[in-house]
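One structure below.
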Amino acid sequence: MGEVGPEGKARAVAPSPVPAVEIGTMSGPLVSTTSSPFPYGKLGRKVRPATIDGIHVILRVLCLVTSVVGVSLMVTAKQSSTISLYGFQVPLYSKWSLADSFEYLVGVSGAVVAHSLLQLLISVSRLRRKAAIIPSQNYAWVVYAGDQVFAYAMMSAASAASGVTSLNRTGIRHTALPNFCKPLHTFCNRVGASIAFTFLSCFLLATSAVLDVIWLTCY
């Protein structure tokens, strides 16, 4: 804008200097000046995605092996023998399918074998493509739920089978029923080993569920 002088002519006025604005990054208590290489907190610094993927594969392999061994031992558990009862020789025949708890253990263990095999195949396929085993949080929640359900199912099956096996080994108090595992030692040993592997599979599934929680917490 100009000014009007005494002679009626406009006189130019020099514009006032505009203060220079320095362009830079903001800093302060709410803005970080440096980007952290570990955006997932302290636990994310210690646990890497590659580490979790490797542990996942190992747990799946171990769970698959223990479940297959447990099922194999149970379905091959059968034996014939005789026992002395009240002075009479009574023939005995024992097979895993004669007890409901043993059938329940075989069914649950078979489901765990299918679950572990499916997850192992998916994990190996993703690793071959150099992709993350757990691609999203939704997938992690699904795997976590499956591991939890099967872990509790394996624990209940092993506990139920343990009660029947303990009864066979100790007999029934205040009665003349003897220890059936003495003449049927092969059957009882196979059942006991199957129950032990079932408990081990339960532990591996629980460990896998904990690993899923770590992934959900960090990533």
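Remember, predicted model here, so these are calculated numbers, not experimental data.
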Problem - Same apolar cluster (I L V M F W Y, side chains within < 4.5 Å links), M154/F197 - result: no

Handout entry: Pairs involving residues 122-136, ordered by first then second residue, that meet side-chain hydrogen bond (donor to acceptor under 3.5 Å, both in side chains) (sequence neighbours left out)
Key = none

Completion exercise
Only one of L105, T76, V75 passes side-chain contact (heavy atoms from CB on, under 4.5 Å) with W96, and that residue is V75

Practice task
Give the minimum heavy-atom separation between S194 and G70, together with the two atoms involved.
Solution key: OG-O, 2.7 Å

Completion exercise
For L64 and L120, the nearest pair of non-hydrogen atoms, with its separation, is CD2-CD2, 4.0 Å

Exercise for the section: If you link ILVMFWY side chains whenever their heavy atoms are less than 4.5 Å apart, which other residues fall into the same cluster as M155? By chain and number, please. Expected result: none

Handout entry: Flag side-chain contact, heavy atom, 4.5 Å: C202 against F150
Key = no

Problem - Closest heavy-atom pair and its distance - T198, A158 - result: CG2-CB, 3.7 Å

Handout entry: Close side-chain approach of V106 to E103, heavy-atom, < 4.5 Å
Key = no

Practice task
State yes or no: do L117 and I122 share one hydrophobic cluster built from I, L, V, M, F, W and Y residues joined by side-chain heavy-atom distances below 4.5 Å, directly or via other members?
Solution key: yes

Handout entry: Transitive ILVMFWY side-chain link V213 to V57, under 4.5 Å
Key = yes

Practice task
State plainly whether one hydrophobic cluster holds both L73 and Y104, where clusters connect Ile, Leu, Val, Met, Phe, Trp and Tyr through side-chain heavy atoms under 4.5 angstrom apart.
Solution key: no

Problem - Nearest-0.5 Å distance that lies between atom OG in S97 and atom NZ in K78 - result: 9.0 Å

Handout entry: Closest non-hydrogen atom pair between Q137 and L216, with its separation
Key = O-CD2, 4.0 Å

Handout entry: Separation of K95 NZ from Q79 CD (nearest 0.5 Å)
Key = 14.0 Å

Fill in the blank from the handout: Between the CG atom in L200 and the CZ atom in F203, the distance rounded to the nearest 0.5 Å is 8.0 Å

Exercise for the section: Taking all heavy atoms of I134 and all of W215, pick out the closest pair and write down the distance. Expected result: O-CZ2, 3.4 Å

Exercise for the section: Sort and list the pairs that fulfil side-chain hydrogen bond (donor to acceptor under 3.5 Å, both in side chains) and have at least one residue in residues 56-68, not counting sequence neighbours. Expected result: H56-D212, R60-D147, R60-S208, T66-S201, S67-S201

Practice task
Give the cluster check for L205 versus L62: same hydrophobic cluster or not, with ILVMFWY residues linked at side-chain heavy-atom distances below 4.5 Å.
Solution key: no

Handout entry: Point-to-point distance, once rounded to the nearest 0.5 Å, from CZ of F102 to CZ of F187
Key = 5.0 Å

